[in-house]
Amino acid sequence: MSGAAYSLLLLQDTISHQLRYNWMTYHTMAFILKLMKRSPVSRVYTLGLDFGTQSVKTIVLNVHTAEVVYTDSFEYDSFLPQYGTHRGVLPEKSLEIRHTSPFMIIEALDMAFARLQASGVEIEHIKVVKIDAMQHCTVYADSSFRERLSALDPEGDLLHQLQPCITRKTSPIWEDRSTIEEVDYLTNTLEKNGAIQFLTGNKAELRFPAAQILKWARQCPGEYSQTEHIFLLSAFLSSILAGNIAPVDTGDGWGTNLNNVDINNPGWSDIVISAADRYLRRLGLESPIRGRLGEIANYDTVLGFISPYFSKKYGICSEAIVLAGTGDNPATLLGCGGHTMVSLGSSYTVNGVMEDITPSSIGGYNVFGYIPGSAMALTVFTNGAKVHEYFMEQYAQRIRFTKEVEKDWEAYVSAAGEAILNDNEKLMLPYLLDESVPIRPRGIIRDGFEERDGNFNIRALHISQALSLRLHSLHLSHTDEICVVGGAAGNRFLRQLIADVFEARTYTIKHAGFAACLGCAISGAKVLLQIPYEEAANRYVQADKTSQMGSLRENKSAIRTLLHRYEELERSTTT
Ligand code: XUL
């Protein structure tokens, strides 16, 4: 059977599958069949777009050759300087308030397509588009939004056509911490209903939309009442792409504190929404949240064809389909192959599939939806690579690093010593800043050694961080393969330690900096070819073969002892 015929057969399956979700009509899917028939087999592309906190990243994937044919990224601060953001965030006196501009993001959507068009990529071969966005960010629109979407004029731009319907002029993002009052209300009022974490998968979080929406309604009741649609950023952008009101998927919808935890029947939690509406009524507001949130759908639900605005203006195929958008964390997990992933940035995160959906009773991790029928857990350790940077500065004189940055880091990692471990390794609690996992106040605690000894400190930091990653990931279902990404993924010693503590094969991937949008492009390929997610991940995620590492047998017994010692050390300190 030819590749094209095979794709067509698979697409027939897609039709019946998608019809179950009612988002696409039979008519629409029949168009896709025609579309695939017309496409030369080697030229079917999918497009993934990632709207992060600081930048937009774009990737185009050739579905048949598995080649990434285009990557692009641009930062809001330098490419849209008129908004005056710093690292994507609007200036604000209060440290607790962290907002972005929805107008800037709307402009950025046009800009991403304009850059793609200007790049010379054969944009007409793009057959599926999907976006992901920073989680928890919300955008608010009035009742004219739907009509404006259906009437977008390609002669104009998105900003001028959509600006008038945005009811909240700034959008709170995941860094916002200004909702203590609302989080307390949700936590206390839902205690008797089995606690919010069991109703929604997560304890009431300052950054999640439930608290953010209530706070805004309290402070700006007039604008709130004029709002007809409250979107997660991913659903807002997907609505523009599809030219119609889009649902949020479980990947992003589970980061709201308003969702239910029935992964097979995505929806909102009646109990939580009623509690939120009671809060509004007490403020004298008779405009309930219920009804303003739209719907929650499965991961990768097909929304329909791309809006004519994008086909006419940028030349994207008019029959390209749009998938429901998602959060950056689920997209990154798929873009890294679906295996547990450790991201070693200034904070460290561990992100992996959670088969048995178990919310953390102490809030040690967040639970979000993932591919249909699955959930994932995300843990964020505040003290990640920042502590290495601090040690690098502190001990540079004593260990005499060179001036060249790369060589400095090589010397720094060598100062940590050999990969072989023993039971008596020095350990530390490396809390340069207040730590979130476990919750502890700042302060570095050294177990039986002094601050002045650079080599001991550097080695203890590496080992202790790896032990902590392991101890706080016991809820994950599969940790035998771990994809390691982020700036510190180049640190071989740390990667070896991660392989040892998890007894796992670790690897890095090509295009690691684009993992989230790659995850979106892979979803596109999965839907077109109707192959299982695992197969799509194996096909399109390219492990960097030179980076693969396994655990060292020699370290097995020492690791057991060290995990125990580290756990005791952590327990000896309290919140
Ligand atoms: C997850 C979270 C962050 C953002 C970053 O809960 O707040 O990872 O998604 O964009």
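Quick note: numbers below take in every heavy atom, side chains included, and nothing from hydrogens, waters or symmetry partners. Counting starts at 1 for both ligands and their atoms, following the listed order.
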So which protein heavy atom does [atom] come closest to, and at what separation?
atom: atom 9 (O) of ligand 1; answer: Asp328 OD1, 2.8 Å
atom: atom 7 (O) of ligand 1; answer: Arg207 NE, 3.0 Å
atom: atom 8 (O) of ligand 1; answer: Asn329 ND2, 3.1 Å

Atoms of ligand 1, numbered as shown, that sit under 4.0 Å from any heavy atom of Met134: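 In order of number, 10 (O).
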For Phe368, atoms of ligand 1 separated by under 4.0 Å from a heavy atom: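 Under 4.0 Å from Phe368, ligand 1 has these atoms: 6 (O).
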When the ring planes of Tyr533 and Tyr299 are compared, do they come out parallel, tilted or perpendicular, using 30° and 60° as the limits?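 Perpendicular.
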For the pair His462 and Phe493, name the ring-plane relationship: parallel under 30°, tilted 30 to 60°, perpendicular over 60°.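 Judged by the thresholds at 30° and 60°, the geometry between His462 and Phe493 is tilted.
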Short N/O distance, under 3.5 Å, between Asn366 and ligand 1?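 No, Asn366 has no N/O under 3.5 Å of an N/O on ligand 1.
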Salt bridge between Arg87 and Glu75, side-chain N to carboxylate O under 4.0 Å?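 No salt bridge links Arg87 with Glu75.
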Can you tell whether the side chains of Asp434 and Arg442 come within less than 4.0 Å, N to carboxylate O?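 A salt bridge links Asp434 with Arg442.
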Residues that Ile271 engages under side chain to side chain contact (heavy atoms under 4.5 Å, CB included), provided they are two or more places apart: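 Residues passing side chain to side chain contact (heavy atoms under 4.5 Å, CB included) with Ile271: Leu190, Asn193, Leu199, Ser269.
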Pick one of side chain, backbone, both or neither for how Leu378 approaches ligand 1, counting any non-hydrogen atom pair under 4.0 Å.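 Just the side chain.
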Less than 6.0 Å separating the ring centroids of Phe368 and His136?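 Yes, ring centres under 6.0 Å apart.
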